[in-house]
Amino acid sequence: MTDVFENYLSSAVGLSPEEITFSAQFFTRFHMQKGDFFVREDEVCHHIGFIVNGAVKAYGTDEEGRENITCFKFENEFVTSFSEFVTQEKSKMNIRAVEDTAMYRINYQDYQHLLNKVPAWNRIIQSVLESEYKQKENYLLNYNNKSAVDKYLHILSDAPMLVKRISTQDLASYLGITQRSLTRAKGQIFRPKVL
């Protein structure tokens, strides 16, 4: 198991060295190339992953096949379709790599076993779910009913990593605007001021 994951488990959530060693046996290394799926819409979600390096996007598709991106996950974040993972139902979203991605993942049966044997994992999952809730609330507050310029300004101040690592097409989808609107917003923000 990598130092990144072990450090997260010991510092962020306070697992003991013994609990980390016990937990490690249930996680397997998993690699995705850019474009690979972690979860597909309408398929049962079998794993939770912890991203060591790379990035993924979560999205649904509309009737015309367009992606409606709801979030991105990066290093030191857990990723899955949580409600469907817990109920072992078909996912309502796709989760797909936007960069080559390395992670550790655990399947549902091992996850259940781990929750029973290491009670601290309940705190970890609670923390993950709270973070998910905050991200969704932040998304609704800052990207709903705002202009393209305001949305992009918020990204620049609150999540500049998205501008560096996410394609224009994916960023526009996430913001709920067209690529053309995003390009215009960038032009308005970065246009040199003339006296």
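Side-chain atoms are counted along with the backbone in the values below, which use heavy atoms only and exclude waters and symmetry mates. Just so you know, these numbers come straight off a predicted model, no measurement behind them.
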Taking NZ, NE, NH1 and NH2 as the nitrogens, is one of them in Glu41 or Lys92 under 4.0 Å from a carboxylate oxygen of the other? no
Taking the six-membered ring of Phe38 as reference, does the cationic atom of Arg96 (NZ for Lys, CZ for Arg) lie under 6.0 Å from its centre and within 45° of its axis? no
Sequence neighbours excluded, the answer for side chain to side chain contact (heavy atoms under 4.5 Å, CB included) partners of Gln33 is Asp36, Asp100
Are Lys73 and Glu99 close enough, and set up right, to give a salt bridge (charged side-chain N to carboxylate O under 4.0 Å, His left out), and what steps lead you there? CA-CA 11 Å; Lys73 296 288 183 182; Glu99 298 175 349; over 6 Å; no
Going by heavy atoms in the side chains, are His46 and Gln109 under 4.5 Å from each other? no
If the plane angle is over 60° it's perpendicular, under 30° parallel, otherwise tilted; pick one for Phe85 and Tyr108. perpendicular
Please verify the inter-ring angle class for Tyr59 with Phe37; under 30° counts as parallel, over 60° as perpendicular, anything in between as tilted. tilted
Could you verify whether a donor N or O on one side chain and an acceptor N or O on the other, from Ser91 and Glu43, lie under 3.5 Å apart? no
Once you measure the plane-to-plane angle for Phe27 and Phe5, does it fall in the parallel (<30°), tilted (30-60°) or perpendicular (>60°) bin? perpendicular
From CA spacing to verdict: ring-ring contact (aromatic ring centres under 6.0 Å, His included), Tyr8, Phe78: CA-CA 11 Å; Tyr8 175 85; Phe78 282 93; 5.7 Å; yes
Is it the case that the side chain of Thr87 and the backbone of Ser83 share a donor-acceptor pair, with hydrogens and angles ignored and the cut-off at 3.5 Å? yes
Taking atom types as modelled, find out whether Gln112 and Lys117 have a side-chain donor-acceptor pair closer than 3.5 angstrom. no
Yes or no on side chain to side chain contact (heavy atoms under 4.5 Å, CB included) for Thr70 and Tyr139, after CA distance, side-chain angles and deciding distance? CA-CA 8 Å; Thr70 58; Tyr139 180 83; 5.9 Å; no
Does Phe22 form a ring-ring contact (aromatic ring centres under 6.0 Å, His included) with Phe26? I'd like the steps, not just the answer. CA-CA 8 Å; Phe22 180 78; Phe26 299 104; 5.3 Å; yes
